[in-house]
Amino acid sequence: VQLQASGGGSVQAGGSLRLSCVATFGTYVMGWFRQAPGKEREFVAGINRGGGSTVYADSVKGRYTISKDNAKNTMYLQMNSLKPEDTAVYYCAADPKSIVRISTTPSSYDYWGQGTLVTVSS
């Protein structure tokens with residue numbers, strides 16, 4: 001499985017971006033993670049196989065929305081009200097082992113996209 005993330009860019013605080021992640025095939029539990037310079041990779045949001053269940057980090061709850069279109073093997077992350085502290089490289093990931101559980105731990109995810117940079121200026 002290969003994942004291709006896109007949609008990053010530079011925006012001012014308060015702006016919006018939408019990230020996309022295309023998988024070559026398959027339907028999985030998927031997630032978005034981010035890593036800021038000098039910090040560990042952290043969980044942002046996750047979605048189950050069917051797309052009906054989601055989990056968010058407290059730091060993005062109410063501002064970000066994760067969704068997926070299984071017919072297109074694509075996951076999205078709509079990011080609104082962006083803040084400078086949201087600046088990071090964002091990675092999409094897939095967990096092929098899980099049927100229901102959405103893990104917030106990077107080690108649970110076997111497949112990773114290449115990352116897309118989001119920069120939010122104040």
Side-chain angles (χ1 to χ4, degrees):
V1 176
Q2 291 185 325
L3 304 177
Q4 180 71 39
S6 63
S10 297
V11 295
Q12 290 190 329
S16 299
L17 283 173
R18 188 175 83 153
L19 306 183
S20 299
C21 176
V22 181
T24 50
F25 66 91
T27 302
Y28 309 101
V29 169
M30 298 185 72
W32 287 99
F33 292 77
R34 67 186 181 187
Q35 189 166 17
K39 295 188 177 182
E40 293 186 353
R41 191 167 298 190
E42 65 173 358
F43 173 80
V44 174
I47 191 165
N48 70 341
R49 290 192 175 200
S53 180
T54 58
V55 175
Y56 294 93
D58 288 344
S59 59
V60 306
K61 205 171 289 183
R63 300 188 297 122
Y64 289 14
T65 303
I66 188 172
S67 61
K68 64 187 323 199
D69 183 338
N70 285 334
K72 298 180 178 179
N73 286 341
T74 303
M75 175 178 66
Y76 305 97
L77 186 68
Q78 178 66 43
M79 305 185 295
N80 298 328
S81 301
L82 283 162
K83 305 175 181 179
E85 51 263 43
D86 294 319
T87 295
V89 177
Y90 283 69
Y91 298 90
C92 59
D95 177 0
K97 305 178 297 296
S98 177
I99 302 297
V100 175
R101 178 175 174 265
I102 302 170
S103 174
T104 62
T105 304
S107 60
S108 296
Y109 292 79
D110 293 338
Y111 304 114
W112 291 84
Q114 83 287 5
T116 184
L117 177 62
V118 172
T119 303
V120 184
S121 58
S122 57

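- The salt bridge (charged side-chain N to carboxylate O under 4.0 Å, His left out) analysis of residues 112-122, with sequence neighbours excluded, yields no pairs.
- Applying the salt bridge (charged side-chain N to carboxylate O under 4.0 Å, His left out) test to every pair with at least one member in residues 38-50, sequence neighbours left out, gives these pairs: Arg34-Glu42.
- The salt bridge (charged side-chain N to carboxylate O under 4.0 Å, His left out) pairs that include a residue from residues 111-122 number zero, where partners must be two or more places apart or lie in different chains.
- With sequence neighbours excluded, no residue satisfies salt bridge (Lys or Arg N to Asp or Glu O under 4.0 Å) with Asp69.
- Here Gln12 contributes atom CD and Ser122 contributes atom OG; the two are 9.0 Å apart, rounded to the nearest 0.5 Å.
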| message | Evaluate Asp58 against Lys61 for salt bridge (Lys or Arg N to Asp or Glu O under 4.0 Å), listing each step before the verdict. | response | CA-CA 5 Å; Asp58 288 344; Lys61 205 171 289 183; 3.1 Å; yes
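- Shown here are the side chain to side chain contact (heavy atoms under 4.5 Å, CB included) partners of Thr65, two or more places apart in sequence or in another chain: Tyr56, Gln78.
- The salt bridge (charged side-chain N to carboxylate O under 4.0 Å, His left out) analysis of residues 101-121, with sequence neighbours excluded, yields the pairs Lys97-Asp110.
- Grouping Ile, Leu, Val, Met, Phe, Trp and Tyr residues whose side-chain heavy atoms lie under 4.5 Å apart, directly or via other members, places Val29 in a hydrophobic cluster with Phe33, Phe43, Val55, Val89, Tyr91, Ile102, Tyr109, Trp112, Leu117.
- Atom CE of Met30 is separated from atom OG1 of Thr54 by 14.5 Å, given to the nearest 0.5 angstrom.
- Considering CG of Asn73 and CG of Leu3, their distance stands at 10.0 Å, rounded to 0.5 Å.
- Distance OH/Tyr76 to SG/Cys92: 12.5 Å, rounded to 0.5 Å.
- Legend: residues meeting side chain to side chain contact (heavy atoms under 4.5 Å, CB included) with Thr105, ordered by chain and number and at least two apart, are Ser103, Ser107, Ser108.
- Under a 3.5 Å cut-off, the side chain of Gln35 and the backbone N or O of Ala88 do not form any donor-acceptor pair.
- Between Ile47 and Met75 there is a side-chain heavy-atom pair separated by less than 4.5 Å.
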Side-chain donor-acceptor contacts of residues 13-27 below 3.5 Å, not counting sequence neighbours, with atom names and distances?
residue: Ser16; atom: OG; partner: Asn80; partner atom: OD1; Å: 2.9
residue: Thr24; atom: OG1; partner: Gln2; partner atom: N; Å: 3.0

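- Across Ser98 and Val100, no two heavy atoms sit closer than the pair OG-N, 3.5 Å.
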